[in-house]
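All remarks here apply to the structure that follows.
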Amino acid sequence: MAGAAATVVDVLQAVNSLVQERTGGPSPMHWRWLVMPGGGAGPPPVPGAQQGPQEGAAGLDVIVIPGWMAPTGPRLRAISAAHQRHFGPLLQAHVARGGRIAACFNGSALLADAGLLPGREAALPWAFAPSIALQCGDTLRWRRDRAWHHDGPLWTTASLPDTLPAFLDLLGDTPAADLARAVATVLVHDPQRQLAASAALETPTQQPTVAGALEQARRWLQTHRTEPYSLAATARAAATSPRTLLRWFTQVHGQTPLDYMHGLRIAQAQSLLQTTYLTVEAVARQCGYGDTGSFRKIFVRVAGVAPGAYRRQFQLRTARKQWAGPGG
């Protein structure tokens with residue numbers, strides 16, 4: 001499946017780009033396409049996928065099985081069996097050395113044929129799950145509730161879109177963990193980041209829709225998140241009383257309106273720390289905090305680390321000395 005392979009390469013390229021942006025150092029991520037002996041299918045149309053023999057796979061840290069475009073379960077079993085004859089021992093030796101394997105979509109069939117899936121849990125695509133389970137006997141536990149799953153050295157996915165979060169999680173188990181977490185903040189959808197995005201990026205013609213009191217309150221907090229918090233003003237915007245708003249907002253959203261606003265502010269602060277050279281003090285002011293000390297405490301409570309530590313871990317730009325201004 002070229003789509004799964006392309007997703008993996010996109011993540012690796014994003015990590016390399018981040019390293020280039022931060023330090024200008026050499027790219028830490030390298031990849032190649034292992035093909036079956038005797039002229040099997042060539043590399044997929046993705047950047048950097050070079051063809052290579054399986055004999056050179058001993059130095060690999062991660063092996064990705066992208067899956068196949070198979071119309072039926074029997075056809076998948078035939079494809080997997082053919083690959084097992086050439087790659088089964090390689091996969092077994094890779095796991096024995098402590099290597100990791102990501103099997104995307106129906107690529108789990110090869111894990112089953114290689115004897116690596118029996119006795120484990122796995123996320124499987126429903127259309128091929130019976131066929132893959134048949135290869136494992138009764139010892140495989142199909143995690144029907146999971147879009148992707150991690151069990152020991154194996155990562156499995158139930159669909160192609162799940163390749164991204166699964167592979168990022170896999171990289172989180174490697175020395176590239178910090179880099180993977182940094183690029184994940186850009187590549188993976190984050191609802192709070194979306195809500196905290198600058199209003200200048202929103203569609204100018206977007207018209208608000210009629211909403212209930214809680215939705216009106218949520219929108220008010222989103223729009224006025226950099227202003228001093230006022231429960232009374234939020235309640236007026238929602239056409240209800242402060243006491244009623246506080247009770248229902250907390251019951252529905254699991255947090256008070258103030259905590260919800262802090263979440264939006266900190267999401268905006270995280271984006272600024274990652275993508276700008278603003279000082280922590282300037283970030284605090286831009287996100288609605290007049291007191292930097294209070295901002296630091298709330299940031300630690302929400303994000304789990306201090307603002308400076310967050311920037312060092314997740315920065316998307318190279319570090320540089322702060323400019324003192326013209327002539328400075």
Side-chain angles (χ1 to χ4, degrees), residues 1-12 31-36 40-41 43-44 46 49 54 57 60-70 72-137 139-174 180:
M1 302 291 284
T7 296
V8 169
V9 171
D10 283 342
V11 172
L12 298 178
W31 57 93
R32 61 195 183 93
W33 186 252
L34 301 179
V35 298
M36 290 178 57
V46 292
Q54 61 169 317
L60 298 179
D61 297 313
V62 176
I63 292 178
V64 178
I65 306 171
W68 300 276
M69 187 65 71
T72 65
R75 179 58 180 154
L76 173 64
R77 289 198 296 272
I79 294 173
S80 178
H83 283 74
Q84 148 63 18
R85 288 192 290 271
H86 297 291
F87 293 113
L90 180 151
L91 296 174
Q92 294 166 356
H94 178 73
V95 170
R97 287 193 303 270
R100 302 164 182 83
I101 299 176
C104 308
F105 193 48
N106 58 18
S108 299
L110 183 54
L111 294 180
D113 273 334
L116 297 173
L117 208 53
R120 294 192 178 276
E121 298 182 345
L124 304 173
W126 66 267
F128 297 99
S131 180
I132 296 172
L134 185 64
Q135 298 168 251
C136 299
T139 62
L140 170 66
R141 183 185 176 194
W142 174 18
R143 292 301 304 266
R144 301 167 185 260
D145 59 322
R146 301 297 301 273
W148 61 270
H149 190 63
H150 166 212
D151 186 350
L154 309 180
W155 278 257
T156 52
T157 76
S159 71
L160 292 179
D162 300 316
T163 300
L164 176 60
F167 190 64
L168 286 168
D169 186 76
L170 185 155
L171 291 181
D173 197 41
T174 71

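Just so you know, residue 1 is the first one in the sequence shown, and it goes up from there.
Not counting sequence neighbours, the partners of W68 by the ring pair (Phe, Tyr, Trp, His ring centres under 6.0 Å) test are H83. Every residue two or more places apart in sequence or in another chain that forms a side chain to side chain donor-acceptor pair (under 3.5 Å) with W155 is listed here: D169. Partners of R120 under the side chain to side chain contact (heavy atoms under 4.5 Å, CB included) rule, at least two apart in sequence or in another chain, are D151, P153, L154. A search for side chain to side chain donor-acceptor pair (under 3.5 Å) contacts involving D113 returns S80, Q135, not counting sequence neighbours. In this structure R85 satisfies the side chain to side chain donor-acceptor pair (under 3.5 Å) test with no other residue, sequence neighbours excluded. Partners of R75 by salt bridge (Lys or Arg N to Asp or Glu O under 4.0 Å), not counting sequence neighbours: none found. Partners of R100 under the side chain to side chain donor-acceptor pair (under 3.5 Å) rule, at least two apart in sequence or in another chain, are D173. Listed by chain and number, the residues in a side chain to side chain contact (heavy atoms under 4.5 Å, CB included) with P161 are S159 (sequence neighbours excluded).
Proximity of I65 to L91: side-chain heavy atoms (C-beta onward) are separated by under 4.5 Å at one or more points. Considering only heavy atoms from C-beta on, F167 comes within 4.5 Å of V62 through its side chain.
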Indicate every side-chain donor-acceptor pair of residues 122-131 with a distance under 3.5 Å to a residue at least two apart or in another chain.
from: S131; atom 1: OG; to: G73; atom 2: O; distance (Å): 3.4
from: S131; atom 1: OG; to: R77; atom 2: NH1; distance (Å): 2.8

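If you take OG1 on T163 and CG on L168, they are separated by 10.5 Å, rounding to the nearest 0.5 Å. Within the model, atoms CG of L117 and CG of L110 stand 10.5 Å from one another, a figure rounded to the nearest 0.5 Å. Rounding to the nearest 0.5 Å gives a distance of 13.0 Å between CZ of R143 and NE2 of H150. Note that CG of L76 and CE of M69 are 12.0 Å apart. Values are rounded to the nearest 0.5 Å. Between atom CG of residue D10 and atom CG of residue L164 there is a gap of 9.0 Å, rounded to the nearest 0.5 Å.
Contact between D162 and T157 at its shortest, heavy atoms only, is O-CG2, 3.8 Å. Closest non-hydrogen pair, I79 versus A70, comes out as CD1-CB, 4.2 Å. When all heavy atoms of I63 and H94 are compared, the closest pair comes out as CD1-CG, 3.6 Å. Taking each heavy atom of P66 and A4 in turn, the nearest pair found is O-CB, 3.7 Å. When all heavy atoms of G115 and P118 are compared, the pair lying nearest together is C-CD, 3.7 Å. For T174 against L171, the heavy-atom pair with the smallest separation is OG1-O, 2.6 Å.
Evaluated for a side-chain contact (heavy atoms from CB on, under 4.5 Å) with I101, the options V64, L116, T156 yield exactly one hit, L116.
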